[in-house]
Amino acid sequence: MFERPAREPIAPGAVWLHGFALADAGALLADVQLALQQAPLRHLVTPGGYRMSVAMSNCGPLGWCSDERGYRYAAQDPQSGRPWPSMPHSFMSLASRAAAAAGYADFTPDACLINRYEPGARLTLHQDRDERDHRQPIVSVSLGLPAVFLFGGPRRSDRAHRLPLQHGDVVVWGGPSRLAYHGIQALAHGTHTLTGPCRYNLTFRCAG
DNA sequence: AAGTCCCA
DNA sequence: ACAG
């Protein structure tokens with residue numbers, strides 16, 4: 001049989017952890033729903049004035065936000081004025097273990113972006129560069145429907161790898177890959193046992 | 001520019 | 001390629 005390796009290097013500093021979150025997926029998804037109850041998903045607007053196809057929310061001390069004025073991290077949900085929901089223990093534990101498995105010890109994220117992709121939703125190539133300390137890695141967890149993850153280099157024009165991410169996969173990048181351009185191809189239609197017709201992505205960062 | 005449009 |  002063909003089996004996926006547990007740990008697949010993508011580029012220097014970047015690792016694909018196949019199925020790393022599988023055992024945690026149920027608990028993670030339950031905590032996603034609890035967080036979204038306090039801070040509902042919403043479609044953000046980019047500085048260019050376009051509505052993002054991915055629906056987003058956050059939990060943890062800081063949340064990633066976008067509006068016509070730009071991108072930033074904020075301690076309060078701009079939609080309610082209240083702090084973002086606290087980071088669930090299940091999230092923190094998974095993120096820390098995944099980072100360690102990828103070679104990044106002592107990862108303590110202060111921000112978790114919750115993304116919901118419905119069919120057609122996508123994220124064009126971009127860099128995560130709104131965080132204060134780029135020495136800390138990014139941990140990205142896939143739940144539900146599969147999606148093609150694009151992972152390029154430091155320039156937008158760099159050739160990108162195309163990684164078919166599955167439910168439970170985790171990608172970690174940092175060090176020389178910290179500012180790599182990355183994105184998600186338009187989600188294909190489908191139904192997943194745990195999430196139904198969508199994909200959730202949890203992105204953990206040290207923003208402050 | 002974390003999006004959209006146009007061209008080959 | 002394009003501009004905030």
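So that the names make sense, note that chain A is the first sequence line, chain B the second, and so on, each numbered from 1.
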Taking atom CG of Asp133(A) as the centre, report whether more than 12 heavy atoms of other residues, nucleotides or ligands fall under 6.0 Å from it.
->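 Atom CG in Asp133(A) is packed in, count exceeds 12.
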Need one value for [X]: base, sugar-phosphate or nothing, where a base atom within 4.0 Å counts as base even if backbone is also close, heavy atoms only.
X	result
Leu44(A)	nothing
Thr46(A)	sugar-phosphate
Arg205(A)	base
Asn115(A)	nothing

query = So where does chain A start and stop touching DNA chain B, 5' to 3', when the test is distance under 4.0 Å to a non-hydrogen atom?
reply =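 The protein-touched segment is dA1(B) to dT4(B).
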### Span that lies between the P atom of dC7(B) and that of dG3(B), in whole angstrom
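Taking atom P in both dG3(B) and dC7(B), they lie 22 Å apart.
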* To do: Write down the distance separating the P atoms in dA8(B) and dT4(B), rounded off to the nearest Å.
  =>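 Comparing P positions in dA8(B) and dT4(B) gives a spacing of 23 Å.
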Checklist entry - Please give, in whole Å, the distance from dA3(C) C1' to Arg69(A) CZ? => result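 Rounding to the nearest Å, CZ of Arg69(A) and C1' of dA3(C) are 19 Å apart.
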DNA chain C in dot-bracket form (Watson-Crick or G-U pairs under 3.5 Å, [ ] crossing, | inter-strand) is ||..
(message) Taking the basic N atoms (NZ, or NE/NH1/NH2) and the acidic carboxylate oxygens, is any pair closer than 4.0 Å for Arg42(A) and Asp77(A)?
(response)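 Here Arg42(A) pairs with Asp77(A) in a salt bridge, since their nearest N and O are under 4.0 Å apart.
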Ring geometry between Trp64(A) and Tyr71(A) (parallel below 30°, tilted from 30 to 60°, perpendicular above 60°):
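Tyr71(A) and Trp64(A): tilted rings.
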Please list, one pair per line, the donor and acceptor atoms closer than 3.5 Å that link side chains of residues 172-182 of chain A to other protein atoms, with sequence neighbours excluded.
unit_1, atom_1, unit_2, atom_2, d
Ser177(A), OG, Pro12(A), O, 2.5
Arg178(A), NE, Gln136(A), O, 2.8
Arg178(A), NH1, Asp128(A), O, 2.7
Arg178(A), NH2, Glu131(A), OE1, 2.8
Tyr181(A), OH, Gln127(A), OE1, 3.4
His182(A), ND1, His126(A), O, 3.2
His182(A), ND1, Ala180(A), O, 3.0
His182(A), NE2, His126(A), NE2, 3.2
His182(A), NE2, Asp128(A), OD1, 3.1

Set of residues satisfying side-chain hydrogen bond (donor to acceptor under 3.5 Å, both in side chains) with respect to Arg51(A), sequence neighbours excluded:
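Expected list: His43(A).
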By side-chain hydrogen bond (donor to acceptor under 3.5 Å, both in side chains) - contacts of Arg7(A) (at least two apart):
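Counting only residues at least two positions away or on another chain, Arg7(A) forms no side-chain hydrogen bond (donor to acceptor under 3.5 Å, both in side chains).
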| query | Taking only residues two or more places apart in sequence, or in another chain, which ones meet Arg122(A) in a salt bridge (charged side-chain N to carboxylate O under 4.0 Å, His left out)? | reply |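 Partners of Arg122(A) by the salt bridge (charged side-chain N to carboxylate O under 4.0 Å, His left out) criterion come out as none, since no residue qualifies.
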Is there a side-chain contact (heavy atoms from CB on, under 4.5 Å) between Leu28(A) and Phe91(A) once you walk through the steps? CA-CA 7 Å; Leu28(A) 293 173; Phe91(A) 284 26; 3.7 Å; yes
